[in-house]
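Here's the structure we're looking at; comments come further down.
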Amino acid sequence: MKPLNRTLPLLLVLLLSACAVTRPPERSAAPATPQAEATDNAPDDDGADAAKAEATAADARLPKVELDSHILFGVLAGEIAAQRGAAGASAVTYLDLARQTRDPRLAQRAAEFALFSGQLKVASEALTLWVELDPDSDIAREQLLITLLRSGKLAESRPLVEELLKREPARAGAVFVQLARLTALQGDKQGAYQLIQQLAERYPDLPEARFAVLAVAAEVGNESVAEQELDRLARIAPKWDLPVAWQTDRLRRSDLNAAIAFLKKELDRRPDAGLELKMAYPRLLVGAKRFDEARRAFEALLQTQPKNAELLYGAGLLALQQRDLPVAKRHLEAALAEKHPESDFIRYTLGQLAEEQDDVPGARRWYEAVGQGAQYLPAQGRLAELDAAAGNPDVGIARLQKLEIGGTGRVQVVLAQSQIAREAKRYDLAHALLSQALQEAPGTPELLYERALVADLMGNVDGAESDLRAYLKEKPDDPQGLNALGYTLANRTTRYQEALGLIQKALQAEPDNPMVLDSMGWVLFKLGRLEPAREHLERAFAVSPDAEIAAHYGEVLWQLNRRDEARAVWQKATGSESGLEMLKNTVHRLEQP
């Protein structure tokens, strides 16, 4: 199909050769011009003569009338409209011109614009006219056939299908594959089933014909016929993966485990199946969270393809997911050596893996090797965190400051700088960085939320409340903002009823969020409703045994005189350094005689 921005001069040259608006043109050949006669008499080879003869025959089929202002305006309007994004209107304009002029080129252009804009009805009309005006055009017939099939009009397309199969039997395979792919669009499923079965009867051993029957049988729910065709395909085309991939995808959309079972059965009886189909099996297992089986399947494929980058990558990520760090490292480094396209992601992952193995120099090397792209900013962020962990928070903040990143990336940079400053208890610095960023990008929700957190740590309750209300103005009814403001009011003020209302709205939106459950438990505790407070905190702690939740949960249990249980909760807690500090303070305060 021609691009929509084809230049106007070329189109006008074509139109100037012949167009009409007055009456259907005669199909007699135009008399030769003196120039044409001179050219015809010139010595030439057989190929050039044949080309000229073909061009002359093509010209003879075109209408021979003069271009007038009506046609010229229509062509200009159609092309300009298409260039401005209104291809649908251009299709209608060109179809009207084609009907008036009987010029197949205008019908072709109408079809192109209609197909581009998804107007199948107009496309069908234009293509039908194109076939009528140029009956020898195979392209017109094929496009009409496909358009009818896409429109769900298989019965109407039958004459075209049969003619194509008769004229070009060598293309039967391609025709049946097209029929198979478009069966889902047919309105009359049973009619389509009967028609394709009839067409395929003449091709009992053509794999593509059997695939078309399989596809339409599946559409009408005739699983026994579909199974028979799959069995036949396994015999006559054991190396053809398309039918198996098609059926696997069909099953995957409704029952992932059924798709896995089907694909395993087909692979067992198709030992020569392509690697891509074989790799689909462990990928489906990953989708079903059957990680042990997926890893075994990847490892089995690696036995036959030890240097395949995709297999090494999949096996490495699964080993990492299962905490088998040495194997993960080996596979991912091998995938990198084999030039896997996700090389920077692999380098970043290897950096994280090195951190988990307490190999800080190794982690630094991997992060520094990450190039510009999606992983660059996270890698620089990790390097900055490592700087801070080594006692150099200013170095980490300066590293991030040097990055020439704008837009949302710049917001992420400032948030990372603030986190480093927060963890170093440099609250004034964090607040200053965020304030400067908010001057450059006022109203940015993420920056407002972070500054509210910093203000709370500084004891600036009014500042925290102001920023959280500004955050909610940007993101009304956001559960995170509602919860944060509600918790701030419950924890830092005595406006407990207002806090309760905010947290209730957050909990309604996210009833299983442990942070919101924790806030609800805490505000209920402040209101003196100890048993409901305990219930919410127990739920929160069961999902996330965080130190801050443990501090709240333990304090409620303590007030209920269930002190051994409180101590057990505190002992079990995990979490960030700030949360652990809060927990220590709570335990110290309550355990004091």
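Just so it is clear, the values below take in all heavy atoms, side chains as well, and ignore hydrogens, waters and symmetry mates.
Ion pairing between a basic and an acidic side chain is recognised when a charged N comes within 4.0 Å of a carboxylate O; Arg382 and Glu368 show no such pairing. Between Arg422 and Glu450 there is a salt bridge, since at least one side-chain N of the basic residue sits less than 4.0 Å from a carboxylate O of the acidic one. Taking a cutoff of 4.0 Å between a charged side-chain nitrogen and a carboxylate oxygen, Glu293 and Arg296 do not qualify as a salt bridge. Ionic pairing of Glu333 and Lys329 is present here: one or more N-O contacts between side-chain nitrogen and carboxylate oxygen are shorter than 4.0 angstrom.
Checked against side chain to side chain donor-acceptor pair (under 3.5 Å), Gln412 has no partners two or more places apart in sequence or in another chain. Among residues two or more places apart in sequence or in another chain, the side chain to side chain donor-acceptor pair (under 3.5 Å) test is passed with Asn513 by Glu510. Under the ring pair (Phe, Tyr, Trp, His ring centres under 6.0 Å) criterion, Phe262 pairs with no residue at all, not counting sequence neighbours. Shown here are the side chain to side chain donor-acceptor pair (under 3.5 Å) partners of Glu219, two or more places apart in sequence or in another chain: Lys189. Under the side chain to side chain donor-acceptor pair (under 3.5 Å) criterion, Asp394 pairs with Arg426, sequence neighbours left out.
Residue pairs that meet the salt bridge (Lys or Arg N to Asp or Glu O under 4.0 Å) test with at least one member in residues 497-508, sequence neighbours left out, are Arg469-Glu498, Asp477-Lys505, Arg495-Glu498.
Within the 3.5 Å criterion, the main-chain N or O of Gly371 finds a donor-acceptor partner in the side chain of Asp344.
Within 6.0 Å of the CD atom in Gln508, the count of heavy atoms belonging to other residues, nucleotides or ligands does not exceed 12. No more than 12 heavy-atom neighbours from other residues, nucleotides or ligands sit within 6.0 angstrom of NZ on Lys425.
Side-chain contact annotation: Glu555 with Gln559, donor-acceptor N/O pair under 3.5 Å absent.
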Using the side chain to side chain donor-acceptor pair (under 3.5 Å) rule, take Tyr449 and Glu474 through it: C-alpha gap first, then chi angles, then the decisive distance, then the call.
CA-CA 11 Å; Tyr449 189 90; Glu474 298 294 328; over 6 Å; no
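Using cut-offs of 30° and 60° on the angle between ring planes, the pair Phe541 and Tyr553 is tilted.
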